[in-house]
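In what follows, a structure is listed as structure tokens, so that the remarks can point back to it.
Numbering of ligands and ligand atoms starts at 1, following listing order. Being a predicted model, the structure only gives us computed values, none of them experimental.
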Amino acid sequence: MIAPPHDPALALKLLCDPTRLRILGLVERAELSVGELARALEMAQSRVSNHLRVLREADVLAERHAGRTTWLSLAPLDAAPGGAALLARLWAALRADLPALPEHRADVERLERVLAERAARSGEFFDRVAGEWDKIGVDFATGQARQRAAAALLARESVVADLGCGTGWYARALAPLCSRVVLVDRSQAMLDEALRKLEPLPPGVRVEARRGELDALPIVDGELDGAVAGLVLHHLAELDSAVREIHRALKPGGRVAIVELAPHGEEWMREALGDRALGLDPRDVLRALERAGFQHVTLESLEDRYRPHVPGDDPEARAALPLYLVRACKPARA
Ligand SMILES: C[S@@+](CC[C@H](N)C(=O)[O-])C[C@H]1O[C@@H](n2cnc3c(N)ncnc32)[C@H](O)[C@@H]1O
């Protein structure tokens with residue numbers, strides 16, 4: 001082949017070969033080594049080399065040498081004079097129809113794999129896909145594998161309660177980490193909803209739903225290793241009896257975590273969300289815990305915000321109320 005052909009018949013002859021068209025279709029997408037190209041075409045290198053020689057002689061392919069590797073790409077045909085410009089025009093007319101080649105789709109899929117393997121080897125692959133990884137690379141049927149691996153690091157023989165559980169957000173976080181979760185709420189409908197949302201349960205966990213009041217917990221003395229009370233204390237008429245009940249229900253050394261709203265002025269929450277108090281002063285919570293006999297009582301503000309929907313015409317309207325966490329420990333027996 002005379003390179004690059006001015007003669008239209010020769011130029012057509014050069015491109016009148018499915019393998020050459022497939023090669024051009026691939027090197028147009030990415031610069032490839034000869035080995036990578038052969039893998040993307042699923043052909044022996046010796047067979048590919050003959051075609052490469054023809055295309056190289058016609059200046060259709062550009063070569064770059066790095067160490068022992070020769071990298072191939074489509075020559076910038078547009079910028080080339082004479083015969084190369086003729087090839088450029090022909091190629092521009094043909095490339096849109098490459099999908100009509102029977103092998104094209106498989107070529108492109110293999111090319112993607114070849115490029116992914118190259119990127120994985122160089123370590124850049126995960127850098128590139130980090131932002132997308134949860135969409136493309138993570139599909140676990142149940143999520144059990146991760147839950148069990150995480151739970152394997154912790155003492156799992158614990159019994160915990162989600163007090164005023166509502167729809168069971170805390171119970172869902174706790175279930176993979178312990179052996180028994182006790183749901184307590186005064187509303188049977190909430191208990192049913194929480195149970196439903198806990199399905200499927202992680203293996204080896206028992207969940208019990210017990211309807212009852214925080215100031216008369218349906219829990220025997222010392223049954224719990226831990227208890228969480230999330231946004232429930234502000235529903236109570238007074239704190240002391242509920243906090244004493246939590247103390248009674250915990251084992252010596254057991255812990256309680258309380259999430260509450262700081263005092264706020266959103267009056268509408270009384271009616272719309274059934275709130276009795278508009279938040280709680282954290283000092284009142286700390287004092288009630290200490291009065292009940294808890295130790296190591298600590299207070300932390302949380303970066304989180306409680307964002308209930310504000311009733312009205314705007315479906316997007318939400319409050320953003322500060323939250324705090326109080327932790328405390330029932331003293332271990334001396
Ligand atoms: C605001 S919801 C919080 C639910 C859940 N803890 C959360 O953070 O998503 C309050 C829940 O406490 C329950 N509750 C209110 N007063 C209660 C009481 N005295 N005893 C038991 N449950 C109560 C309600 O039925 C409701 O399900």
Next on the checklist: Please determine whether salt bridge (charged side-chain N to carboxylate O under 4.0 Å, His left out) holds for the pair R287 and E290, giving the CA-CA distance in whole Å, both sets of side-chain angles, and the decisive distance to 0.1 Å.
Outcome noted: CA-CA 5 Å; R287 282 188 212 117; E290 281 162 355; over 6 Å; no

Checklist entry - What distance separates D185 CG from T167 OG1, expressed to the nearest 0.5 Å? => result 9.5 Å

Checklist entry - Distance under 6.0 Å and angle within 45° of the ring axis: does R172 meet both against W169? => result yes

Checklist entry - In Å, rounded to the nearest 0.5 Å, how long is the span from CG of L90 to CG of L14? => result 9.5 Å

Next on the checklist: Surrounding CZ of R105 (heavy atoms of other residues, nucleotides or ligands, distance under 6.0 Å), is the total greater than 12?
Outcome noted: no

Item to check | Per-ligand residue contacts, ligand 1, heavy-atom threshold under 4.0 Å | outcome: G164, C165, G166, W169, Y170, D185, R186, S187, M190, G212, E213, L214, G230, L231, V232, H235, L236

Item to check | Residue pair P218 / V184: nearest heavy atoms and the distance that separates them | outcome: CD-CG1, 3.8 Å

